[in-house]
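Submitted below is the structure of interest, expressed as structure tokens.
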Amino acid sequence: MESQKSDPLLYDPKAIEIIGQLNYDFSTFEKKLSEYNAISWVVRAKTMDIAVQNFIEKHPKATIVNIGAGLDTTFERIDNGQIMWYDLDLPDSIEFRKKFISETKRRKYISKSVFDYSWFNDITSIHDNVLFLAAGVLMFFEEQELRQLFCKLASKFSNGEFFFDTLSREGLKYANDMMRNAGMKENLLSWGVDSAKEVSKWDDKIEVIDEFSYYKHTPRKASWNPTVISTMDLCDENKGANFYHLKFI
């Protein structure tokens, strides 16, 4: 939807192509999709793109692991022709993904849960540093699960980095209220954290590179509803949602 605007925040032709192939009635979903939700998801994708681009400028032959890939098309937008990319998701999601996006020599799929740590051994091509991505994923899991994941990653992938988004504890409550109102009660979120420092305390191998509020780097557009803009500003002021960038030292 965003890509078909005259001045999009993010242009994603692959997304348009995939949607065109899907035999699915989106009308019910569109009725529940608020302007704020739509913008927030595009902002997340744009921010992730920038994070990957910055990383591969420093590490042109980097290995990227996209956790909870779904039908994500980040690779198509940022590929520099040298990186190695892994899309990780549950088997049914990967099988569905294969209908629309094929694997290549530099783009591989891993059909496993992120908590099935055997996937570590599937990362076989590491020519430069590793960057892990998790866009809109981690908040669905319990803190105990995530703590174990981060600690195991820190032990296995020295010098690797992790870029992800999540909610504060108050932001988590707000988001779950929004999801209930949208009739998505079966997909409520579980994890919220108020600072990247809290995550770094899970293991002495984890350090914070950066953290910033969700809309900090997003210029507001005059065409947006003033209520949407004020909600974005309020989210940033209260740090209701944030991006965290960690490194495994």
Practice problem: Show your working on side-chain contact (heavy atoms from CB on, under 4.5 Å) between Val193 and Trp191 and close with a plain yes or no. | Solution: CA-CA 7 Å; Val193 64; Trp191 182 60; 3.6 Å; yes
Exercise. Are the side chain of Lys58 and the backbone N or O of Asn54 linked by a donor-acceptor pair below 3.5 Å?
Worked result: no
Notebook entry, point to check: Quick check: are there more than 12 heavy atoms from other residues, nucleotides or ligands sitting under 6.0 Å from NZ of Lys14?
Noted result: yes
For this session: Run the numbers on Phe150 and Trp202 for ring pair (Phe, Tyr, Trp, His ring centres under 6.0 Å), then give the verdict.
Result: CA-CA 8 Å; Phe150 275 77; Trp202 291 350; 5.6 Å; yes
Result for side-chain contact (heavy atoms from CB on, under 4.5 Å) between Ser111 and one of Leu90, Ile94, Asp116, Asp89 points to Ile94
**OP:** In plain terms, say whether Lys221 and Asp7 are close enough for a salt bridge, that is, a side-chain N and a carboxylate O under 4.0 Å apart.
**Re:** yes
Asp122 side chain to Ile110 backbone, donor-acceptor under 3.5 Å:
no
CG of Asp236 to NE2 of His217, rounded to nearest 0.5 Å, is 9.5 Å
With distance as the sole criterion, is a donor-acceptor pair present between the side chains of Glu161 and His245 under 3.5 Å?
yes
Practice problem: Answer whether the closest heavy-atom distance between the side chains of Glu211 and Leu246 falls below 4.5 Å. | Solution: no
Note, Asp165 side chain near Tyr244 side chain (heavy atom, < 4.5 Å)
no
Practice item. Check whether any side-chain heavy atom of Leu234 sits under 4.5 Å from a side-chain heavy atom of Glu237, and report yes or no. Key: yes
Please determine whether side-chain contact (heavy atoms from CB on, under 4.5 Å) holds for the pair Ile83 and His127, giving the CA-CA distance in whole Å, both sets of side-chain angles, and the decisive distance to 0.1 Å. CA-CA 9 Å; Ile83 59 174; His127 300 295; over 6 Å; no
Worksheet item: Going by atom types alone, do Thr73 and Asp12 pair a side-chain donor with an acceptor below 3.5 Å?
Response: yes
When rounded to the nearest 0.5 Å, the distance separating CD of Glu145 from CG of Leu138 is 11.0 Å
Worksheet item: Are Val65 and Ile123 close enough that some pair of their side-chain heavy atoms sits under 4.5 Å apart?
Response: yes
Query - Audit row: Glu198, Lys201, salt bridge (Lys or Arg N to Asp or Glu O under 4.0 Å) steps and yes/no - result: CA-CA 5 Å; Glu198 291 185 44; Lys201 291 178 181 178; over 6 Å; no
Could you walk me through whether Arg180 and Asp177 pass the salt bridge (Lys or Arg N to Asp or Glu O under 4.0 Å) test, one step at a time? CA-CA 5 Å; Arg180 290 188 186 94; Asp177 285 342; 3.1 Å; yes
Notebook entry, point to check: Ion pair present between Arg147 and Asp203, side-chain N to carboxylate O less than 4.0 angstrom?
Noted result: no
If we ignore hydrogens and angles and just use 3.5 Å, is the side chain of Gln148 paired with the main-chain N or O of Gln144 as donor and acceptor?
no
query: What do the steps show when you test Asp79 against Arg106 for salt bridge (Lys or Arg N to Asp or Glu O under 4.0 Å), and what is the final call?
result: CA-CA 10 Å; Asp79 181 32; Arg106 293 188 298 104; 2.8 Å; yes
Exercise. Using the ring of each side chain (for Trp, its six-membered ring), is Phe162 parallel, tilted or perpendicular to Phe164, with breaks at 30° and 60°?
Worked result: perpendicular
Residues at least two apart in sequence or cross-chain that pass side-chain contact (heavy atoms from CB on, under 4.5 Å) with Asn66, listed by chain then number, are Ala69, Asp72, Trp85, Asp87, Leu133
Ignoring hydrogens and angles, state whether a donor on the side chain of Asn121 or Ser118 is under 3.5 Å from an acceptor on the partner side chain.
-> no
inquiry  = Donor-acceptor check, side chain of Ser113 to backbone of Phe115, threshold 3.5 angstrom: yes or no?
reply    = yes
Heavy atoms of Ser158 and Ile249 approach each other most closely as OG-C, 4.3 Å
Exercise for review: Decide side chain to side chain donor-acceptor pair (under 3.5 Å) for Arg97 and Ser93; before the verdict, give the C-alpha distance in whole Å, the side-chain angles of both, and the deciding distance to 0.1 Å.
Suggested key: CA-CA 6 Å; Arg97 180 182 182 84; Ser93 293; over 6 Å; no
Aromatic rings Phe243 and Phe163: how do their planes relate, parallel, tilted or perpendicular, breaks at 30° and 60°? parallel
Requested in this report: Find out whether Phe212 and Asp210 are in side-chain contact, i.e. whether some heavy atom of one side chain is under 4.5 Å from a heavy atom of the other.
Outcome: yes
Do the side chain of Ser102 and the main chain of Lys98 share a donor and acceptor less than 3.5 angstrom apart?
no
* Does Lys156 make a cation-pi contact with Phe120, if we ask for NZ or CZ under 6.0 Å from the ring centre and within 45° of the axis? -> no
So, does Asn80 use its side chain to make a donor-acceptor pair with the main chain of Pro60 at under 3.5 Å?
yes
Hey, are the side chains of Ser40 and Tyr214 touching, using non-hydrogen atoms and a 4.5 Å cut-off? yes
Rounded to the nearest 0.5 Å, the CG atom of Leu131 sits from the CE atom of Met48 at a distance of 9.5 Å
Distance col, row Glu2:CD vs Leu10:CG, nearest 0.5 angstrom, shows 7.5 Å
Residues Ser3 and Ile16: closest non-hydrogen pair is CB-CD1, 3.7 Å
### Message
When you compare the side chain of Ile19 with that of Phe26, does any pair of heavy atoms fall below 4.5 Å?
### Response
yes
Between Cys235 and Ala241, the two heavy atoms sitting closest are SG-N, 3.6 Å
When rounded to the nearest 0.5 Å, the distance separating OG of Ser125 from OH of Tyr86 is 4.0 Å
>> Show, in sequence, the C-alpha distance, side-chain angles and deciding distance for Phe248 and Phe157, and conclude whether the ring pair (Phe, Tyr, Trp, His ring centres under 6.0 Å) test is met.
In response: CA-CA 7 Å; Phe248 305 132; Phe157 297 96; 8.0 Å; no
Give the C-alpha distance, both sets of side-chain angles, the deciding distance and a yes or no for side chain to side chain donor-acceptor pair (under 3.5 Å) between Asp233 and Ser230. CA-CA 5 Å; Asp233 292 340; Ser230 64; over 6 Å; no
### Task
Check step by step if side-chain contact (heavy atoms from CB on, under 4.5 Å) holds for Glu142 and Ser190.
CA-CA 6 Å; Glu142 299 293 337; Ser190 299; 3.5 Å; yes
Quiz prompt | Side-chain donor or acceptor of Asn176 paired with backbone N/O of Leu189 under 3.5 Å | solution = yes
Compare all side-chain heavy atoms of Thr231 with those of Tyr174 and state whether any distance is below 4.5 angstrom. yes
Got a donor-acceptor contact below 3.5 angstrom from the Asn242 side chain to the Lys239 backbone? yes
Correct closest heavy-atom pair for Ile206 and Val199 would be CD1-O, 3.9 Å
ask   = Any donor-acceptor pair under 3.5 Å linking the side chain of Tyr36 with the backbone of Met232?
value = no
Would you check, one step at a time, whether the test side-chain contact (heavy atoms from CB on, under 4.5 Å) holds for Val52 with Phe75? CA-CA 9 Å; Val52 178; Phe75 178 82; over 6 Å; no
Smallest heavy-atom separation, Ile229 atom then Arg220 atom, equals CG2-CG, 3.5 Å
For Arg107, is there an ion pair with Glu103 - N to carboxylate O distance below 4.0 angstrom? no
When rounded to the nearest 0.5 Å, the distance separating CZ of Phe96 from CG of Leu71 is 5.5 Å
Closest heavy-atom pair, Glu76 versus Ile101, reported as atoms and distance to 0.1 Å, is OE2-CG2, 3.6 Å
